[in-house]
Amino acid sequence: MRCALATLCLFMLLGSCKTVPKKLLFQAQTATRYSYKNDTIYLTLDNPLKCPMRYYLSSSDSIFNRKLKQQRVIVLPPQSNTNITIAADSLQVKTLLINTGLGNPAEIPMRNTLALPYPKGKTYRVIQAYDGEYSHHEPYSKYAIDFSLRVGDTVCAADHGVVVGVISGYKYGGANKKWKQYANYITLYHPHIGLYTQYVHLKHNGALVKVGDNVQRGQPVGLSGKTGWTDVAHLHFNTLVAVKEGLMSVPVKFNGGVAGASLQPGDRVINTSGL
């Protein structure tokens, strides 16, 4: 029987090394600017990414918020900007909020067979499949698949495209949901099919690419890890499309006749094609 005091001390030691980060990292930055003159806001929305980006204007001031809703959602094409003027008083300027999101809901995605997100010849076990009870039961993650990559294993691009998001600065993770926002990941946009793919839980500094890089199908893009909300090292792979509410997970088919819908926890999946 283990000593209760020793167990408690070990728990305190481990816990002290893995506190939730105080700073939240973002996968991409914009250069949005605004100025205020003569009761008018002059707003420049900037999209530096090689994918469409959405801007949502809102305010905690209810009257001003109704006016901003007339702008609806502003969608900018890749690597573009636009200028907007909005009548407002000085108090309303202080309540202006600008949120962003990837993708254009009007873009019609095409189905495409993707490569498995790890090197040719490698075999990994499925840890969590579609609609998994642990974390795959929301629209954003419903069709994600968790593969049993170990810390440091190579993660590959599922199709050619461009890097539109990278987070690599987190060091730790944990089984508690409070870690959900603190995973390292890479987001790729595949303009020829209108899809986004994400590679999540990468190790600290485990990104092999940066925002703006063009990548090829099967190219190594990162190293797997155990950051964010997880109790085991693995790769969380998700395929997404832009919808009105944001990004939504969609089913996937892989090369070699592997359908995501057929995969179940415990299945071993070998990458026979690589590309």
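If you're wondering where the values come from, they're calculated on a predicted model, not measured in any experiment.
Considering all non-hydrogen atoms of both residues, A242 and L102 come closest at CB-O, 4.4 Å. Between P78 and P52, the shortest heavy-atom distance links the atoms CG-N, 3.9 Å. The two residues V241 and V250 come nearest to each other via the heavy atoms CG2-CG1, 3.6 Å. Residues P220 and T154 come closest through the heavy atom pair CB-CG2, 3.7 Å. Contact detail for A157 and Q216: the closest heavy-atom pair is CB-O, 3.6 Å.
Among residues two or more places apart in sequence or in another chain, the side chain to side chain contact (heavy atoms under 4.5 Å, CB included) test is passed with Y140 by Q198, N238, L240, L247. Residues satisfying the side chain to side chain contact (heavy atoms under 4.5 Å, CB included) test with A175, not counting sequence neighbours, are Y134, D231. For N176, there are no side-chain hydrogen bond (donor to acceptor under 3.5 Å, both in side chains) partners, not counting sequence neighbours. With sequence neighbours excluded, the residues forming a side-chain hydrogen bond (donor to acceptor under 3.5 Å, both in side chains) with E107 are Y189, listed by chain and number. For D39, the side-chain hydrogen bond (donor to acceptor under 3.5 Å, both in side chains) partners at least two apart in sequence or on another chain are Y36. Among residues two or more places apart in sequence or in another chain, the salt bridge (Lys or Arg N to Asp or Glu O under 4.0 Å) test is passed with K180 by E138. For the side-chain hydrogen bond (donor to acceptor under 3.5 Å, both in side chains) test, no residue two or more places apart in sequence or in another chain qualifies with Y170. K67 pairs by the salt bridge (Lys or Arg N to Asp or Glu O under 4.0 Å) definition with nothing, not counting sequence neighbours. In terms of the side chain to side chain contact (heavy atoms under 4.5 Å, CB included) criterion, residue partners of P48 (sequence neighbours excluded) are, by chain and number, T30, D46.
Note that OG of S58 and CZ of F64 are 9.5 Å apart. Values are rounded to the nearest 0.5 Å. Here the straight-line distance linking atom CG of L43 with atom OG1 of T82 works out to 9.0 Å at 0.5 Å rounding. For the atom pair K120 NZ and C156 SG, the distance stands at 12.5 Å (nearest 0.5 Å). Atoms CG and OH, from L97 and Y56 in turn, are 14.5 Å apart once rounded to the nearest 0.5 Å. Put simply, CE on M53 and CG on L45 are 10.5 Å apart, with the number rounded to the nearest 0.5 Å. Separating the OG1 atom in T100 from the CD atom in Q29 is a distance of 9.0 Å, to the nearest 0.5 Å.
For Q79, the CD atom sits in a packed shell: over 12 heavy atoms of surrounding residues, nucleotides or ligands are nearer than 6.0 Å. The 12-atom threshold is exceeded at NZ of K50, counting heavy atoms of other residues, nucleotides or ligands nearer than 6.0 Å.
Side-chain N or O atoms of N104 include none that pairs as donor or acceptor with a backbone N or O of I108 at under 3.5 Å. For the pair R54 (side chain) and G103 (backbone), a donor-acceptor distance under 3.5 Å is present. No donor-acceptor pair closer than 3.5 Å links the side chain of N271 to the backbone N or O of P117. One N or O on the side chain of T227 and one on the backbone of L202 form a donor-acceptor pair closer than 3.5 Å. Between the side chain of Y199 and the main chain of V221, no donor-acceptor pair closer than 3.5 Å is present.
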Just do the side chain to side chain contact (heavy atoms under 4.5 Å, CB included) check on Y172 and Y182 with the steps written out, would you? CA-CA 8 Å; Y172 307 114; Y182 303 101; over 6 Å; no
Set out, in order, the CA-CA distance, both residues' side-chain angles and the distance that settles side chain to side chain contact (heavy atoms under 4.5 Å, CB included) for V252 and L195, then state yes or no. CA-CA 11 Å; V252 63; L195 295 179; over 6 Å; no
Apply side chain to side chain contact (heavy atoms under 4.5 Å, CB included) to T187 and Y196, showing your working. CA-CA 7 Å; T187 303; Y196 295 79; 4.3 Å; yes
T197 and L114: CA distance, side-chain angles, deciding distance, side chain to side chain contact (heavy atoms under 4.5 Å, CB included) verdict: CA-CA 10 Å; T197 53; L114 302 179; 4.3 Å; yes
Residue pair T44, N83: steps toward the side-chain hydrogen bond (donor to acceptor under 3.5 Å, both in side chains) verdict: CA-CA 5 Å; T44 299; N83 296 311; 2.8 Å; yes
What verdict does the ring pair (Phe, Tyr, Trp, His ring centres under 6.0 Å) test give for Y34 and Y42, after you've listed the backbone C-alpha separation in whole Å, the side-chain angles of each residue and the deciding distance to 0.1 Å? CA-CA 5 Å; Y34 76 90; Y42 297 90; over 10 Å; no
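In this structure, I145 and Y130 have side chains that are in contact, with non-hydrogen atoms separated by less than 4.5 Å. Taking the side chain as every heavy atom from C-beta outward, V258 and N255 never approach each other to under 4.5 Å.
Taking Ile, Leu, Val, Met, Phe, Trp and Tyr as hydrophobic and joining them when side-chain heavy atoms fall under 4.5 Å apart, one finds I127 in a cluster with V232.
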Donor-acceptor contacts, no H, no angles, side chain residues 203-214, under 3.5 Å, sequence neighbours left out:
residue	atom	partner	partner atom	Å
K210	NZ	D213	OD1	3.1
D213	OD2	K210	N	3.0

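Under 3.5 Å, the side chains of S224 and H201 contain no donor-acceptor pair of N or O atoms. Side chains of T230 and H234: a donor on one and an acceptor on the other come within 3.5 Å.
Residue pairs meeting the salt bridge (charged side-chain N to carboxylate O under 4.0 Å, His left out) criterion with at least one partner in residues 143-166, sequence neighbours excluded, are R150-D153, D159-R217.
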